[in-house]
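Numbering starts at 1 and runs along the sequence shown. It should be emphasised that the depicted structure is a prediction, and the values quoted were computed from it without experimental measurement. Ligands are counted one by one from 1 in listed order, and the atoms in each one are counted from 1 as well.
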Amino acid sequence: MAEELTPETTDEAEEPIKQRKNGLYPGVSDELAESMKSGWADTELHGLEPIPQAEYTAARRTALSARFPGERLVIPAGNLKTRSNDTEYPFRASVEYAYLTGNLTEDGVLVLEPKGDGHKATIYLLPRSDRENGEFWLSGHGELWVGRRHSLAEAEQLYGIPAADVRELADKLREATGPVRVVRGYDAGIEAALTDKVTAERDEELRVFLSEARLVKDAFEAGELQKAVDSTVRGFEDVVRVLDKAEATSERYIEGTFFLRARVEGNDIGYGSICASGAHACTLHWVRNDGPVRSGDLLLLDAGVETHTLYTADVTRTLPVNGTYSEIQKKIYDAVYEAQEAGIAAVKPGAKYRDFHDAAQRVLTEKLVEWGLVEGPVERVLELGLQRRWTLHGTGHMLGLDVHDCAAARTETYVDGTLEPGMCLTVEPGLYFQADDLTVPEEYRGTGVRIEDDILVTEDGNKNLSAGLPRRSDEVEAWMASLKG
Ligand SMILES: [Mn+2]
């Protein structure tokens, strides 16, 4: 990649070029600076269609407005984060901002200002680069370097929200009076402007509301989650087709193959892909993905494509690298499958959130007792939680804009809550026998199995969004054979 003429800050970018070019931009003559100011076509776009979710984001802002009458609400998208020197991590807008606007650009801020019975929304964005003052080509944030942005007028058409210049927002917030809340953790500059007007407790209430608002997905969100899962299904198929190349290289070949699908069809992967072959499957968040892939081992692949609107899938399959489960692998796999079936059956409107976890844990515990790995009775094992040496984690979580969605929701609305149509969650039981676990017979050691699907609660039960991938062991083998054939 090319290097800027000189490093500089946003403040400098706003200074007139005449003041900056003396010594700052060696090689920039007055004549070149003058030339760069003009001779550019007007590319303003007119009559843009609103983004598909504009009606949904408007309804979400209405609900937010109703919860905090008379208060100014500030929801930042966040800023770029430095990776090293002058390189930055790919930007991902805050989920709160994405949920309420559909806009995903860095430095954006949504402000709901009290007006009448409700609020007036404004989306604050960086406008198009100025060509007169040289910002366009002399600043690292200029459009010549980073690409064309939407003008504020274009943004208004796309998002259905009046737009204003974000560079004026901090001063406006400093001068504003009346109660205000901000979603913390994304934009230090905006928070600094509000520092003597907000309290941590009141800001937390805003964050919690926006997390709980996302518990029940609207029709647009359910559609996006299905898209994310459909791309993920294709990514898993891609991986099965190249298992021989992974055997010749490493788990990285699997990671790269899935990532290609995610980038071509979506925005990104929704979280670091877990490509765990052999005993690595027992490391729950194995993302180093630098181990060998061997015939005879299982491959635990836990991965999800994130759509362009930032909704992610979260799917796991545990596949025999050579296409056929061994006897002990099949025994463990089928037990996890049975537990997952029990878990999925417990996902329905009116059920407690904990029910699917309890159902799956019971099946796994019955198997562990039956195999003689832990002494029964089952009720005692469950009461003491002894099965958790091998089941390790919870059986699922909410899914949406975050892979572990709605994380700020209160216990009473989430973990102790009741399932409602529109909720989307994963059901993902597993059994893990660590390679160094001396309490189990040797044949179990180094084997980890998890099966994870994305389940949408419907009016009369549930829909498995990831049913496009087989789960039963014989169906997995047949599916793998068909792809490799
Ligand atoms: Mn998961």
Problem set entry | Leu301 vs Val239 side-chain heavy atoms within contact, under 4.5 Å | yes
Exercise. Is there side-chain contact between Val369 and Val378, with at least one heavy-atom pair below 4.5 Å?
Worked result: yes
For this session: Identify whether NZ of Lys or CZ of Arg in Arg471 sits under 6.0 Å from the centre of the six-membered ring of Tyr337 and within 45° of that ring's axis.
Result: no
Exercise. So which of the N, O or S atoms of Asp314 lies nearest the Mn ion (ligand 1)?
Worked result: OD2
For this session: Looking only at N, O or S atoms, find the one in Glu452 nearest to the Mn ion (ligand 1) and name it.
Result: OE2
Problem set entry | Matching residue for Tyr311 among Glu306, Lys227, Glu224, Glu221 - test: side chain to side chain donor-acceptor pair (under 3.5 Å) | Glu221
Seminar exercise, completed: Taking the Mn ion (ligand 1) as the apex, NE2 on His397 and OE2 on Glu428 give an angle, to 10°, of 80°
For this session: Return yes when at least one N/O/S atom of Asp302 is nearer than 2.8 Å to the Mn ion (ligand 1), and no when none is.
Result: no
